[in-house]
Amino acid sequence: MLLETEGLTKRFGGITAVDGVDFALEAGELCSIIGPNGAGKTTFFNLLTGVLEPSDGRIRFDPPADDGARAEAGPTAAGGAASAAANGTGSAVDITAASPDETALAGIHRSYQITNLFPTLSVLENVRVAAQASRGNDSWKLWRNVTEFEDHYAEATAILERIGLAAEAETVTENLSHGEKRSLEIGVALAGDPDLLLLDEPTAGVSSEGVDEVVALIEDVAADHSVMLIEHNMEVVMDISDRIAVLHRGELIADGPPEDVRGDEAVQEAYLGGYGREGSAGDGSAVGGDADGDADGDAGADRDGDAAADGGRRASVGGDTR
Ligand SMILES: Nc1ncnc2c1ncn2[C@@H]1O[C@H](COP(=O)(O)OP(=O)(O)OP(=O)(O)O)[C@@H](O)[C@H]1O
């Protein structure tokens, strides 16, 4: 198992955003996390990447054996918050208390729901900086002569080819289209060759033509990476996922192949609201509404309104350049 959570829980005062989640991801899988606004999806990603510390439960990450050296140099060496755990590969780490830097060094990289790019840097520089930073021990050299880092440029250039932005290498990032920025975010997450890529709503705000390009990119990346995807566009989710996990009020209410999840009564009631049922429109549009239909102060329905309650841990909130 590449990633495993056991009883993973996050409470914010009286709100239990993630509630006793037992989840596992096999290496090579593309698993989508779906659920109504406020269901706990982003909080789940924040726990996996060390942006938030769990209130309860454990997270264990077991990158492929050939990455053992990185796992060793990652959480354990980087500060001791994570500890090596014995298992088949010898490289499994307990990342329950790991920081974002430590989870990245262990091999978990992430693209953000909210644009997280340096707008005034070139497209190439954005990926190059990420490649350099992902090397951990090289990071302190960030401001030294860039010619020392030709390998970072080579990696960044290869990534731009892959994400279809090679022709925009010298373009100032803020001049890209929204869809291109989302692709670049995936490129930034790819820098450093992650074992697990977490993509948070990569098609949000992208035009319909742009969505096809971003989806093609996700499929391409998923061919040689393990991917977890938060996505509200059900057509995309049903089309590209190997597996779908459904969160509702912090609990994992379903987990299985797309066809099973689509037919699951609890999921239909909590989130899909008839999507994919025979005779339904099933037009693939986003099913993003708060399907709770309740008035329980579900602040997650207003994604942008909860920044003040974040206690400064979701640093990218202020960086939304969309
Ligand atoms: N830092 C925080 N402080 C307090 N409450 C929070 C914080 N982050 C999230 N929450 C609350 O936790 C719950 C889950 O929010 P989360 O953003 O994880 O949901 P989500 O499923 O990602 O929603 P969306 O689809 O709108 O992005 C919500 O009730 C939200 O208000």
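Predicted, not measured: the structure shown is a model, and the values here were computed from it. Ligands are counted one by one from 1 in listed order, and the atoms in each one are counted from 1 as well.
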Is Lys10 close enough to touch ligand 1? Criterion: a residue heavy atom under 4.0 Å from a ligand atom. no
For Pro54, check side chain to side chain contact (heavy atoms under 4.5 Å, CB included) against everything at least two apart and list the hits. Leu8, Leu47, Ile59, Thr96
Other residues, nucleotides, ligands: >12 heavy atoms within 6.0 Å of Glu6 CD: no
Would you mind listing which atoms of ligand 1 come within a distance below 4.0 Å of any non-hydrogen atom of Asn37? 23 (O), 24 (P), 25 (O), 26 (O)
The criterion is side chain to side chain contact (heavy atoms under 4.5 Å, CB included); which residues satisfy it with Asp220, sequence neighbours excluded? Arg162
Does an N or O from Ala39, backbone or side chain, lie closer than 3.5 Å to an N or O of ligand 1? yes
Are any of the heavy atoms in Gly40 under 4.0 Å away from ligand 1? yes
Between NZ of Lys41 and CD1 of Ile230, what distance do you get to the nearest 0.5 Å? 6.5 Å
Can you list the atoms of ligand 1 that are under 4.0 Å from a heavy atom of Thr43? 9 (C), 14 (C), 15 (O), 16 (P), 18 (O)
Pro36 near ligand 1, heavy-atom distance under 4.0 Å? yes
Of the choices Gly250, Ala17, Gly38, Gly35, which has the non-hydrogen atom that lies closest to atom 12 (O) of ligand 1? Ala17
Do Asp193 and His225 have side chains that approach each other closer than 4.5 Å (heavy atoms only, starting at C-beta)? yes
Check ion pair Arg262-Glu259 (N to O, under 4.0 angstrom): no
Considering the heavy atoms of His232, write down every atom of ligand 1 situated less than 4.0 Å from one of them. 25 (O)
